[in-house]
Amino acid sequence: MDAVDATMEKLRAQCLSQGASSIQGLARLFRRLDRDRSRSLDAGELQRGLAELGLRLDTAEAEGVCKRWDRDGSGTLDLGEFLRALRPPMSQAREAVIAAAFAKLDRSGDGVVTVDDLRGLYSGRAHPKVQSGEWTEEEVLRRFLDNFDSSEKDGQVTLDEFQDYYSGVSASVETDEEFVAMVTSAWRL
């Protein structure tokens, strides 16, 4: 294992120690720090962003991570590639059931799940806030979708975002059989 791999293991362990959704929180933080919308951060931005979450990397570690996921030679790390590398590894069985759940939700087949996709599968009419008149059914579906939407809550969930969500869940489930059964049941696959 090289130094960058060891750094990624350290970061992954720090993230997971903070809870199942910490990688998703990291993705949100990085997108907020990425002010120019380049989908990349330099070593200093990476260090400061991680420090905000209580995750520590020294300068050499941050520079090594940036160099590893620098796609264009700019000296910055590509956020998408970095976050995918940070996800805890999942078995093929886990990845397959996540993909199957996503495919069920993505009724339009366009690679993103939206409220329109959910509308045909799920109803929010029974939600207490809909019944009280506080929310519309559309708001219930949107808020449900926001659980998986790790970007700026744009109302579109990609497979990567869905996998980011489930990578944290996966880390807390011991066996493939338990994880597959849980996802299968949750999404009625």
Nearest 0.5 Å, please: how far is CZ in Arg68 from CG in Asp2?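 Interatomic distance, Asp2 CG to Arg68 CZ, rounded to 0.5 Å: 4.5 Å.
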Can you check whether [Y]'s main-chain N or O pairs, donor with acceptor, with [X]'s side chain at less than 3.5 Å?
X: Arg94; Y: Ser170; result: yes
X: Glu45; Y: Asp42; result: yes
X: Glu139; Y: Thr136; result: yes
X: Thr7; Y: Ala3; result: yes
X: Lys10; Y: Asp5; result: no

Can we say Arg119 and Glu138 salt-bridge, meaning some charged N sits less than 4.0 Å from an Asp/Glu carboxylate O?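 Counted as a salt bridge, because a side-chain N and a carboxylate O are separated by less than 4.0 Å.
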Lys/Arg N to Asp/Glu carboxylate O, Asp70 vs Lys67, below 4.0 Å: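 Salt bridge between Asp70 and Lys67, a charged N being under 4.0 Å from a carboxylate O: no.
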In chain order, what residues pass the side-chain contact (heavy atoms from CB on, under 4.5 Å) check against Val180, with sequence neighbours excluded?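 Counting only residues at least two positions away or on another chain, Val180 forms a side-chain contact (heavy atoms from CB on, under 4.5 Å) with Ala93, Val97, Thr184.
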Can you list everything that forms a side-chain contact (heavy atoms from CB on, under 4.5 Å) with Gln163? Sequence neighbours excluded, please.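 Here the qualifying residues are Arg87, Ile98, Leu159, Asp160.
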If you define the side chain from C-beta out and look only at heavy atoms, does anything of Val65 sit under 4.5 Å from Met8?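 They are in contact (side-chain heavy atoms under 4.5 Å apart), so the answer is yes.
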Which residue pairs pass the ring-ring contact (aromatic ring centres under 6.0 Å, His included) test with at least one member in residues 33-52, sequence neighbours excluded?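 Sorted pair list comes back empty.
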May I have the step-by-step check of side-chain hydrogen bond (donor to acceptor under 3.5 Å, both in side chains) for Ser91 and Asp176, ending in yes or no? CA-CA 7 Å; Ser91 69; Asp176 285 351; 2.9 Å; yes
Parallel, tilted or perpendicular: which one describes the rings of Phe148 and Tyr166, with boundaries at 30° and 60°?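 Plane angle under 30°, so parallel.
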